[in-house]
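To keep things clear, I will list the structure first and then write my remarks on it.
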There are 2 protein chains.
Amino acid sequence: MIELDTMDRAILRALVADATQSASALGRKLGLSQPATWRRIRRLEEAGVITGRRLELDAEKLGFGVTVFLGVKLATKGRVSLEDFERAISAIPEVQTVEHILGVFDYRLRVVARDITDFERILRRRIMMLPGVGDVEANVLLSEERRPGPIG
Amino acid sequence: MIELDTMDRAILRALVADATQSASALGRKLGLSQPATWRRIRRLEEAGVITGRRLELDAEKLGFGVTVFLGVKLATKGRVSLEDFERAISAIPEVQTVEHILGVFDYRLRVVARDITDFERILRRRIMMLPGVGDVEANVLLSEERRPGPIG
DNA sequence: ATTGAAATGTAGGGGAT
DNA sequence: ATCCCCTACATTTCAAT
């Protein structure tokens, strides 16, 4: 575990708000030189606090107008079942996120489809064919808001 | 809706895989000049296909070891209820994502907490106090995998 | 007071936009 | 042409001795 001081947190907060700004622009805001800012960012990356920079795409503009969250219960839950399921699901490109969870369901999947017809095809021919799938619950995404979340 | 050709899709695929690479490096891979690559990227941004670049943080390294997905049903679902709920939830910093959904639940929330004790506090004093909250379902995140998702 | 570690600043080259 | 990333090197700060 790494120690984060006030300046590190300020940098993280600023970059979460706008990941495109340069180290020099950020340094000016925080009263720090460009190399000092850059070195702190790199240290945060090396420490694994910053895990990456991700491109955000508009799924609708790409022709995927439907996003569905699926809760999945496995019928049988041995170690092999989990591995089989995870291996099989990696072959479905429409699955954007696989979350292994504990609670009412075993997995949560974020699935995109061109439209509802396309989604039915994915659900019936792909999701339902996954090994060990038991109960499935679906929720259609209407809108989504991402918040910065707590830093320190 | 914008028309995307094969090159646009190749650019998007490459940038989704690695959002840090420069336009020139990307152009070399795709057999395109650097300015041509850069103009295409900017065009994709202006068209709203690329909506932004987001910093990915490791919540655990920030001291938030627990992530929970909450499904929320509202007790009353008029227009005012939705607005009240969304306004109230924006005051809870531990809520990272608010998804308005259609199906078994009305909202899905991604919530981070320092530990289970901290989560209980957030659940009882914050989430359960939200206006109009009915049924709540919880799933604890064990692990998560993000996949590139389909482009074309 | 002195030393050593850590972080900062200035300056400059190389590359990208 | 401008801006940014990145390294090198000298300087400062601060804690511990």
Side-chain angles (χ1 to χ4, degrees), chain A residues 1-62 146-152, chain B residues 1-65 114 146 148-149 151-152:
Chain A
M1 191 77 98
I2 193 184
E3 258 332 286
L4 299 183
D5 62 14
T6 307
M7 188 60 77
D8 288 325
R9 286 187 227 280
I11 288 174
L12 289 176
R13 255 185 289 271
L15 283 178
V16 165
D18 175 12
T20 68
Q21 62 193 316
S22 67
S24 62
L26 187 48
R28 273 191 294 277
K29 283 188 206 169
L30 303 176
L32 214 61
S33 75
Q34 177 269 322
T37 311
W38 179 83
R39 275 192 297 262
R40 292 184 95 111
I41 294 171
R42 192 166 59 86
R43 202 169 56 82
L44 290 166
E45 288 168 347
E46 283 167 356
V49 176
I50 297 175
T51 54
R53 290 171 171 79
R54 193 166 285 275
L55 208 65
E56 285 220 327
L57 301 182
D58 184 331
E60 211 160 318
K61 291 238 166 71
L62 289 170
R146 292 216 175 129
R147 328 197 66 266
I151 296 289
Chain B
M1 188 83 96
I2 191 183
E3 259 332 286
L4 299 184
D5 63 14
T6 306
M7 190 57 79
D8 287 327
R9 287 186 226 281
I11 288 175
L12 288 176
R13 255 186 288 273
L15 282 180
V16 165
D18 175 12
T20 67
Q21 63 193 315
S22 66
S24 65
L26 187 48
R28 272 192 295 276
K29 283 187 206 168
L30 303 176
L32 213 60
S33 78
Q34 179 273 318
T37 311
W38 182 80
R39 269 192 301 270
R40 279 179 182 264
I41 293 171
R42 196 166 57 86
R43 206 176 108 265
L44 290 167
E45 287 168 347
E46 282 166 359
V49 177
I50 297 174
T51 54
R53 288 163 173 85
R54 202 162 41 79
L55 205 67
E56 289 232 320
L57 301 183
D58 184 331
E60 210 161 322
K61 291 241 166 71
L62 289 171
F64 293 88
R114 301 190 175 280
R146 291 215 178 132
I151 297 290

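Throughout, a chain's letter reflects where its sequence line sits, starting with A, and its residues are numbered from 1.
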Listing time: all N or O pairs from protein to nucleotides 6-10 of chain D that are below 3.5 Å?
| unit_1 | atom_1 | unit_2 | atom_2 | d |
| --- | --- | --- | --- | --- |
| D/dC6 | OP2 | A/W38 | NE1 | 2.5 |
| D/dC6 | N4 | A/Q34 | OE1 | 2.8 |

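The minimum heavy-atom distance between B/R9 and B/L4, with the atom names listed, is NH2-O, 3.0 Å. Closest approach of B/R114 to A/G152, counting heavy atoms only: NH2-O, 3.1 Å. Contact record, B/E3 with B/R43: O-NH2, 3.6 Å, taken as the closest heavy-atom pair.
Residues B/D5 and B/R40 form a side-chain contact, since some pair of their non-hydrogen atoms from C-beta on lies under 4.5 Å apart. Side-chain contact between A/I2 and A/D8 is absent, with no heavy-atom pair separated by less than 4.5 Å. The side-chain heavy atoms of A/I50 and B/L57, taken from C-beta on, include a pair separated by under 4.5 Å. Using a 4.5 Å heavy-atom threshold, the side chains of B/R53 and A/L55 count as touching. Using a 4.5 Å cut-off on side-chain heavy atoms (C-beta onward), A/L62 and A/D58 make no contact.
The residue A/A23 sits close only to the backbone: its heavy atoms come under 4.0 Å of sugar-phosphate atoms, none of a base.
D/dC4 atom P lies 11 Å from atom CD of A/Q21, rounded to whole Å. In this structure, CG of A/L32 is placed 16 Å from C1' of D/dC4, rounded to the nearest angstrom.
First and last contacts of DNA chain C with chain B, using any nucleotide atom under 4.0 Å from a protein heavy atom and ordered 5' to 3', fall at C/dA16 to C/dT17.
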